[in-house]
Amino acid sequence: MSKYDFESIIDRRNSNSVKWHVADNELPMWIADMDFATAPEILTALQKKITLGTFGYEEPDDNYFDAIIAWFKQRHHVNIQSEWLNFVTGVIPALSSVVRRLSHVGDNVVVMTPVYDIFFHSIENNGRHVLESPLKYDTDTNHYEIDWHNLETQLAEPLSTLLILCNPHNPVGKTWSQKTLSRLLLLCRKHGVTVVSDEIHGDVVLGEPSYQSLLSLPVEQLHNAVVIFSPSKAFNVAALHAASVVVPDKSLRETVMRGINNDELAEPNLVALEGSMAAYQKGEKWLDALIEQLQYNRHQVEIFLHDHLPQLKFASENATYLLWLDVSAVTENSSDLVKHLRKTTGLVLSAGNIYRGNGEKFVRINIACPRQLLSDGLMRLSRGIKTYANVKQ
Ligand SMILES: Cc1ncc(COP(=O)(O)O)c(C=O)c1O
């Protein structure tokens with residue numbers, strides 16, 4: 001038994017939670033935050049800061065950056081030089097800023113779909129084009145791989161200037177190996193494309209193969225690399241708005257940072273620094289316990305699908321607490337299925353089509369919740385899938 005509490009149900013309704021802004025009978029298992037309280041060490045740090053009572057302008061100091069550097073070294077065997085590292089207020093704001101700074105209106109930004117939907121907004125809302133390179137889906141193994149031939153064709157397009165990588169990959173729950181990352185960087189370099197690697201899920205990997213940061217590659221290979229990460233997914237602190245952008249190449253870094261500063265993304269809020277420092281310096285034991293809990297939850301879903309819903313296929317690999325379920329035996333239109341589930345059972349899932357690629361045959365379910373909620377969700381899923389089949393007959 002873990003000394004941390006992953007079983008109590010916290011009433012998040014009426015707490016400004018985006019996830020829990022749902023009707024009384026509904027159970028949200030969609031957006032990527034967790035229904036667990038964060039690490040007690042983080043709560044203590046935040047309380048101390050609030051008690052101080054003054055909330056003027058802040059800036060990160062060396063201790064802040066040292067905490068991040070030490071975390072990456074110990075946990076991921078990655079060396080980050082302090083001058084490469086900068087504070088930003090969120091992964092997506094930083095990503096959008098990088099898109100504006102490193103590409104022009106009308107350029108192509110390549111993404112491997114299905115992928116985190118907000119990437120499309122960062123690209124399209126800034127007047128750039130999304131150029132999809134769909135991942136190859138193997139219907140025997142239910143796993144995805146990069147389609148290298150297609151990817152090279154997209155990168156070779158004259159207007160392709162950036163590739164946004166999701167590492168580990170949301171929603172298909174996949175870590176990328178060092179070999180793959182190295183091949184990807186070299187291919188991008190050959191075609192004059194910069195890689196922006198979103199590594200927000202790096203600390204939530206539930207087994208081997210482990211997360212490999214782009215920063216684990218030799219520094220000579222990192223001239224066209226920008227890496228963005230944050231403690232927000234692993235420690236459930238999205239509302240802290242604390243993230244890091246790491247750019248090893250000096251001239252690329254100066255260009256990126258001019259954008260970040262112009263976009264005013266380098267200014268922490270009142271608890272961002274204390275909260276993330278506590279995560280990196282004192283949160284490791286809690287994170288290990290969380291991962292055990294998530295492994296347990298994931299296993300429960302596997303057993304449940306095997307016993308009660310064999311028509312759904314488990315398509316996630318080992319990363320993230322978001323499971324990617326192949327519903328192609330039930331529907332070709334997951335958005336329709338998700339609407340049916342919500343209407344008839346109150347279960348709120350993410351429809352796979354928002355992630356583009358072959359997402360219309362998938363749903364995404366967030367399993368980062370106490371066991372009781374997970375069982376409730378699975379029962380609703382089972383009921384909804386059965387009635388959906390009847391409705392469609
Ligand atoms: C891949 C990915 N990147 C970024 C984010 C959000 O990052 P932030 O809240 O720091 O903007 C999420 C949230 O789900 C995500 O899954």
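For ligands, and for the atoms within them, numbers begin at 1 and follow the listed sequence.
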Would you say H201 touches ligand 1, if touching means a heavy atom closer than 4.0 Å?
-> yes
Mark up the atoms of ligand 1 that fall under 4.0 Å of a heavy atom belonging to C166, in ascending order.
-> 1 (C)
Which atoms of ligand 1 have any heavy atom of A32 under 4.0 Å away?
-> 14 (O)
Would you mind checking which non-hydrogen protein atom is closest to atom 3 (N) of ligand 1, with the distance to 0.1 Å?
-> D198 OD2, 2.5 Å
Kindly give the heavy-atom pair with the smallest separation between V247 and R253, and that separation in Å.
-> O-NH1, 2.8 Å
Please name the residue in the list Y64, F65, Y280, F229 that meets the ring-ring contact (aromatic ring centres under 6.0 Å, His included) test with W71.
-> Y280
Would you tell me whether N236 and T38 have side-chain atoms, one donor and one acceptor, within less than 3.5 Å of each other?
-> no
Can you find an N or O of I92 that's nearer than 3.5 Å to an N or O of ligand 1?
-> yes
heavy-atom search around atom 7 (O) of ligand 1 in the protein gives I200 CD1, 3.3 Å
Presence of salt bridge, K19 and D35, under 4.0 angstrom = yes
Distance (rounded to the nearest 0.5 Å) between I123 CD1 and N126 CG = 9.5 Å
Let me know which of W324, F120, F119 forms a ring-ring contact (aromatic ring centres under 6.0 Å, His included) with Y355.
-> W324
What protein heavy atom sits nearest atom 6 (C) of ligand 1, and how far away is it?
-> Y116 OH, 3.5 Å
Which heavy atom of the protein is the closest neighbour of atom 13 (C) of ligand 1, given with residue, atom name and distance?
-> K233 NZ, 2.8 Å
Proximal ligand 1 atoms for G90, defined as those under 4.0 Å from one of its heavy atoms = 10 (O)
Considering only protein heavy atoms, determine whether one is less than 4.0 Å from atom 9 (O) of ligand 1.
-> no
P93 touching ligand 1 at heavy-atom level, < 4.0 angstrom = yes
Would you call E317-K174 a salt bridge at under 4.0 Å N-O?
-> yes
Determine whether any heavy atom of A243 lies closer than 4.0 Å to an atom of ligand 1.
-> no
N/O of V91 under 3.5 Å from N/O of ligand 1, yes or no?
-> yes
Could you pull out all residues at least two apart from H223 that satisfy side-chain contact (heavy atoms from CB on, under 4.5 Å)?
-> R189, D249
Between R12 and D33, is there a salt bridge with N-O shorter than 4.0 Å?
-> yes
